[in-house]
Structures are given as structure tokens and as C-alpha cells.
Amino acid sequence: MTIYRGHLLHIAGSPTLEESADALVSEPDGALAVDATGRIAYSGAWTGLPASLAQDDVVVTRGCLLPGFVDTHVHYPQTLATDEFGGGELLEWLERCVFPAESRLADPDFADLVAEEFVRRRVSVGTTSALVFGSAFPEAQDALFRRTIDAGLRIVSGRGIQTVGPTSAAALLTSEDDAIGLARDEIARWHGQDAGGAASIARTALAQVAVVPRFSLAVTKETLTRLGDLYADVRGDGVYFHSHLNENDRPGDGEIAAVREQYGVQTYLDTYDGRCLPGSRTSGESMLGRRSILAHAVHCTDGELARLAETGSSIAHCPTSQLFLGSGTMPWRRTAASGATIAMGTDIGAGDEWLIPRVLNDCYKVHMSEHGDRSTAIDPAQLLFLGTLAGARALDQEQVFGNLDVGKEADFVIVDPEAQPGFGLVLDAAAHGGARSHLFGLLMGMREAAVTGVFVRGRRVTTPAGDAD
Ligand SMILES: [Zn+2]
């Protein structure tokens with residue numbers, strides 16, 4: 001048993017987004033006891049720590065103990081492609097910047113270097129769990145899974161599937177048959193690999209696999225229909241579905257207009273919902289469900305939001321990316337009211353912030369800036385929820401991690417304000433306003449330097465170079 005002493009901050013229990021505002025635990029002199037199996041045995045006030053535990057190893061931290069951050073949308077092959085100039089909005093940025101950048105991962109040595117850097121960046125910012133949009137190249141995916149498992153982080157990922165695209169995407173494209181075959185291979189190779197691949201425990205393994213068409217414009221109705229059949233076969237094993245939805249609504253030739261034109265569907269979501277034939281006629285199996293996460297959802301109709309909620313699908317909200325690509329602002333009140341789970345995504349490389357609290361910072365600002373009575377000052381406890389427990393819920397693993405409740409696997413980060421120049425004093429001042437004010441100051445103001453310890457299942461996570469932290 002190891003006891004960590006510090007300021008405990010988490011969202012307890014299993015609240016809704018709305019309820020999370022009242023589920024904040026802020027325990028300035030707190031204790032987190034982690035047993036030999038990596039589970040949380042005690043979580044609460046230091047003074048309440050059972051005497052039987054108090055003589056065990058005690059690690060005194062100067063700072064705060066928070067659940068590990070969960071990034072539900074991040075592109076591994078764009079690790080080195082943040083802040084790429086010359087693209088503009090989504091479709092042009094993909095063609096001019098992203099497809100060439102991702103094509104470089106065809107070189108296995110380069111891909112391995114990118115995988116190493118990807119893992120290093122995740123450790124630096126305390127992202128203990130991530131849904132990772134993968135590379136087109138199987139060897140690059142092997143490098144990603146291998147390095148992530150070696151480091152001890154959680155990951156869900158799948159190779160980015162593309163069967164059609166512009167000339168600049170040529171290296172990323174495969175035939176329909178290869179798209180299906182490679183997805184099956186990846187599931188067989190990596191889904192639950194660290195747990196020995198046994199189906200019964202694959203659903204909670206550190207490494208799991210997703211079926212990931214890049215987006216409807218990068219595939220055809222044949223691809224989507226066959227992926228639907230594939231997903232129907234494997235969803236029972238806990239395999240995920242991940243893609244993009246309703247990101248760019250430029251009139252005439254933006255993403256949403258192009259999807260409608262290419263498929264003749266009524267809504268973009270229909271293409272993932274087994275209705276990708278003209279008029280949204282039934283084409284096959286739906287890929288929506290409890291392990292389905294769609295990034296962006298900026299311009300959903302009420303019907304699409306209701307369908308996401310009804311199927312238990314989740315939204316990866318990526319406000320930093322939406323600012324960069326001029327994609328607009330996801331309407332906060334309307335989306336939250338739909339009941340669909342909303343979690344946070346960095347969307348590296350359209351997003352250029354690896355640290356989930358930096359994305360929460362943008363989240364607060366963009367929804368504060370919504371027009372008129374749509375403007376919302378999101379509660380700090382809800383921000384913490386979005387970056388931690390909601391992410392675990394979106395990944396359908398809320399019972400495993402996401403907060404510091406007793407019995408969960410101990411995924412947590414140490415945030416030391418003194419490790420970030422000037423931050424300790426700012427936070428002390430914020431604390432005068434109470435727990436909520438302290439948390440807001442912490443989430444809005446913290447930078448990567450303040451993350452001084454990262455733990456998954458109670459084990460300190462190390463970078464590929466072998467350095468702690
Ligand atoms: Zn994305």
C-alpha cells in the first residue's frame with residue numbers, strides 16, 4: 001500500500017454533466033491509498049485514513065492529486081504537424097498539410113520516432129487514457145501500440161481508413177478489401193493485447209482497438225457498409241468505433257455539404273448509422289453505440305443529437321481545433337441538453353494543445369463567447385468532469401477509471417503549482433474564493449510544467465527514454 005498525501009480533487013460517483021457541478025470533492029489535506037494491485041483503497045481526508053493504512057509508505061506531494069486526464073480525440077500521425085500554415089479550413093488543410101504529413105509515416109523508422117514522441121507528449125501532460133486516431137500504415141500502428149504498452153498508458157486506437165481521396169492522400173489509400181482486412185488484422189493483433197487478448201478482459205485492457213474510417217468523405221458507401229458488417233462482428237468484444245462528424249459547414253463546398261452531395265443522405269450521422277444510401281435508405285448495420293465516439297459534432301441537427309444520445313454514442317468536443325480551422329462553435333446548451341455524453345479532445349494536430357486543461361480553458365472561453373443567451377460560464381467542476389470522468393464514460397470504462405473513488409484503478413496525476421513559475425501565488429489567491437474558485441484557477445492556469453507525476457493502475461508512468469514523469 002502506498003499513500004499519497006496532497007490536495008485531492010475529483011468528481012465523485014457517477015453524476016450527469018449537470019449533476020457534476022455538485023459532485024466536486026476538494027480535500028486540501030487529502031490521502032489517496034493505492035494497493036498492490038493498483039486499485040484505490042482509500043480516498044478522502046488525511047485525518048480519516050484508517051490507522052491500519054497510516055504506517056505504510058507515505059508520499060507527500062506539494063500539490064494536487066487529480067484523476068488522469070482523458071483525451072477522446074487525438075491524431076497520432078499528426079504529432080509533428082501542429083500549427084501547419086497554408087491550409088485554411090478543414091478540407092483544404094487536410095489536402096495541403098495533413099495528408100502529406102501523415103504519408104511520411106510510411107517510413108517505419110520515422111513512424112517509430114513519431115510514436116515515441118507521441119507517448120512522451122502524453123506523459124508530459126498527464127493524459128493517462130486516450131482515443132487515438134491512427135496512422136494508415138500498419139507498422140506505424142504497431143509502433144504506437146508497442147510504445148504505449150511499454151510506457152504503461154491506456155490507449156484505444158485504430159488505423160485511419162481511407163479508400164478515396166485527393167492526389168496528396170495517395171499513399172494513405174487502400175482497396176476496399178485491404179481496408180477490411182487490415183482492420184481485422186489490427187483487432188486480432190492488439191485488442192486487449194496486454195491482457196493476453198482474452199475476450200472477457202479485453203474490454204478493460206490498457207490497449208484496445210477501434211474501427212476508424214477517417215470520415216465519410218474518405219471512404220465510399222461500400223466501405224461504410226462493409227465496416228458496418230465488420231463492426232457488428234466485433235462490437236461484442238468491446239472494439240470501438242471512431243470518426244469525425246459535422247465539423248465544417250461552409251456553404252456549398254464544405255465538409256457537410258460534400259457528405260450530403262456524395263451520399264445523398266439527409267444527415268451526416270446517417271452515413272455511420274447504417275443509412276448511407278440516397279435518401280438515407282438502410283444500407284446495413286449501424287456503427288453507433290456505447291463504444292462509438294464522434295469528434296466535433298459542431299453542426300448537428302436536433303435529430304442527430306437525439307440519435308447520438310439514444311444510441312449511447314459520445315461526442316469528443318475539440319474547441320481548440322475548432323478555433324484553428326474556423327469550424328465554428330459547438331452550441332453548448334443545446335448539445336448538453338441532448339443527453340449525449342460530451343468529453344474532451346485535443347484533436348492534435350488541428351488542435352495545438354496537448355494538455356487537456358488547456359483545451360478546457362478554450363472550452364470555457366468559446367462557450368462564454370457564444371452569442372446572446374446561448375452564452376454559458378461552464379462550472380469549474382463540470383470542466384473537471386469533462387476532462388476526466390466524462391472521458392472514461394465516453395470510452396465505456398467509467399467503472400475502471402475516471403475519478404478517485406475507492407475500488408477504481410488508480411489513474412491519477414500530481415499537479416504541483418510550484419513547478420510552474422508564478423503559478424503557486426496565483427492559485428493561493430484563487431483559493432481565497434473557495435474550492436470552486438481554486439479549481440477554476442487550477443484548470444484555467446495550469447501548464448505542462450505543473451504535471452510532476454503520472455500514474456496508471458498505481459504505477460508511475462515513464463517516458464520511452466526511461467525518465468520518470
Ligand atoms: Zn480529428
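Indexing begins at 1, ligand by ligand and atom by atom, following the structure's order.
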For the Zn ion (ligand 1), does an N/O/S atom of Glu247 lie at less than 2.8 Å?
->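 No, Glu247 does not qualify, because none of its backbone or side-chain N, O or S atoms lies under 2.8 Å.
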What are the two closest heavy atoms between His299 and Ser327, and how far apart are they?
->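 Nearest heavy atoms, His299 then Ser327: NE2-O, 2.7 Å.
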Restricting to N, O or S atoms of His75, which is nearest to the Zn ion (ligand 1)?
->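 The His75 atom nearest to the Zn ion (ligand 1), restricting to N, O or S, is NE2.
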If you look at Asp347, which of its N/O/S atoms is nearest to the Zn ion (ligand 1)?
->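 Restricting Asp347 to its N, O and S atoms, the minimum distance to the Zn ion (ligand 1) goes to OD1.
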Qualifying residue, where the test is side chain to side chain contact (heavy atoms under 4.5 Å, CB included) with Phe401 and the options are Val70, Thr388, Thr128, Leu389 =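 Answer after filtering Val70, Thr388, Thr128, Leu389: Val70.
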What do you reckon, is CZ of Arg447 surrounded by more than 12 foreign heavy atoms closer than 6.0 Å?
->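 Yes, CZ of Arg447 has more than 12 neighbouring heavy atoms, counting only those of other groups under 6.0 Å.
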Mutual orientation of the aromatic rings belonging to His73 and His75 [parallel < 30°, tilted 30-60°, perpendicular > 60°] =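 Perpendicular.
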Given atoms NE2 of His73 and NE2 of His244, what angle do they subtend at the Zn ion (ligand 1), to the nearest 10 degrees?
->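 NE2 of His73, the Zn ion (ligand 1) and NE2 of His244 span an angle of about 90°.
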